[in-house]
2 protein chains.
Amino acid sequence: MNTTNKIKDILSIELEKRGLRKTIERYKILEAIYDRTDHFDVEELYLSLRKQNFHVSRATVYNTLDTLIDCGLVQKHHFGGDGALFEKALGFRQHGHVVCINCNKILEFCDPRLQTIQESVGNIMDFNINDQALIFYGYCKDGCNRNLSDDDKKPD
Amino acid sequence: MNTTNKIKDILSIELEKRGLRKTIERYKILEAIYDRTDHFDVEELYLSLRKQNFHVSRATVYNTLDTLIDCGLVQKHHFGGDGALFEKALGFRQHGHVVCINCNKILEFCDPRLQTIQESVGNIMDFNINDQALIFYGYCKDGCNRNLSDDDKKPD
DNA sequence: TTGTGTGCAAAAGCTTTGCATGTTG
DNA sequence: CAACATGCAAAGCTTTTGCACACAA
């Protein structure tokens, strides 16, 4: 069975668990998300669906994203620009992001030491931690041809 | 010299550096920010100024916050709720945040291991990293009286 | 005096909501 | 067929913008 079908099966299970309906929109939006490898916003996802001649409203895209996030199939990020960005979640370990303030490139990384920090912090602060977001902001050294002056080094 | 005057002096220096004017609004807003110890949004700051009978517009609060961030005196955060939160920055080492998904409590922590991760990632990804944001989401074990069920464990 | 900063209100952009319609279970 | 999901448009919020006026340099 291919990846697309596998992920749809997982959605089916999660929807059943929650007593939610299996609508065409939910599967189609899930598929569109898993077809991409980037970090996208709601509008990009909406337009990609329309470009495939699949008719959905923005409201449904928003609603469905919430559902998919709740099901653990999509992740939502706030990188500081306006609006949220999303990416598929399944099969991808928790990972951090590195964002170029100049060209907006987004890279991902994994570092097992982060897990250690999470455990320490959870213990010290008396928290049950179940999600994390680590973002580094800076300038990528190649590709975006930026002169590294001392000005505007602060992201928002 | 007290802390408030010290911070105002720093602002003076930073404004001069940038050729920006020393307006009453900038100093007053800075002072209002340094009078608080919490994470606040634009509206809260705006209202606190009005409550002191200091007249500013929302636009000026937004503009001034940008200036203060650029001067390194204020930090902006995106914790996932709508809108950004701010806090004073000077004299506070880079620190991570722990956010309770249930009661919205925000705690802070420092972990030197994060710096190590930042350096590794910078080297591996070929980035000049100059800012970081680490947020852990979870439930605080006391104070917010939450039943820890298996549902709604996913923040946005 | 000169030009930047502010105030106000309107606009813009992202996200949510309400209601009617359509579809799943 | 009953409840839930969708579509559409309108409303809500946060943030930005444009223009006239005020004030710092």
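Quick note on labels: first sequence line is chain A, next is B, and so on, each numbered from 1. For clarity, every value in this text was computed on a predicted model and none was experimentally measured.
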Can any side-chain N or O of B/D41 pair as donor or acceptor with the backbone N or O of B/E43 at less than 3.5 Å?
-> yes
Whole-Å gap separating P (D/dT15) and NE2 (A/H78) | 13 Å
Round to the nearest Å and state the distance from A/K22 atom NZ to C/dG25 atom C1'.
-> 10 Å
B/R58 CZ to C/dG7 P, in whole Å, measures 12 Å
Between D/dC8 and A/H55, is there an OP1 or OP2 to side-chain N/O distance shorter than 4.0 Å?
-> yes
Any luck finding a side-chain donor-acceptor pair between A/S120 and B/R113 under 3.5 Å?
-> yes
Closest-nucleotide ordering on DNA chain D, the 5'-leading residue of B/D66 and B/I24 | B/D66
Report yes if at least one side-chain N or O of B/T64 is closer than 4.0 Å to OP1 or OP2 of C/dG5; otherwise report no.
-> no
Per atom distances to the A/A59 side chain, the nearest of C/dT24, D/dT15, D/dA9 is D/dA9
Without swapping roles, check the side chain of A/K88 against the backbone of A/R36 for a donor-acceptor pair under 3.5 Å.
-> yes
In whole angstroms, the gap separating C1' of D/dT6 from NZ of A/K28 amounts to 17 Å
Phosphate OP1/OP2 of D/dA5: any A/T23 side-chain N/O under 4.0 Å | no
When all nucleic acid strands are considered with a 4.0 Å heavy-atom cut-off, which category describes B/R26: base, sugar-phosphate, or nothing?
-> sugar-phosphate
So, is A/Y62 near the phosphate of C/dT15, with a side-chain N or O under 4.0 Å from OP1 or OP2?
-> yes
State, without any angle test, whether A/H95 and A/Q75 hold a side-chain donor-acceptor pair at a distance under 3.5 Å.
-> no
Please give, in whole Å, the distance from C/dG7 C1' to B/L49 CG?
-> 15 Å
Taking for each residue the nucleotide of DNA chain C bearing the nearest heavy atom, is the 5' side occupied by B/S57 or by B/R21?
-> B/R21
Tell me which of B/A84 and A/V61 sits closer to the 5' end of DNA chain D, going by the nucleotide each one is nearest to.
-> A/V61
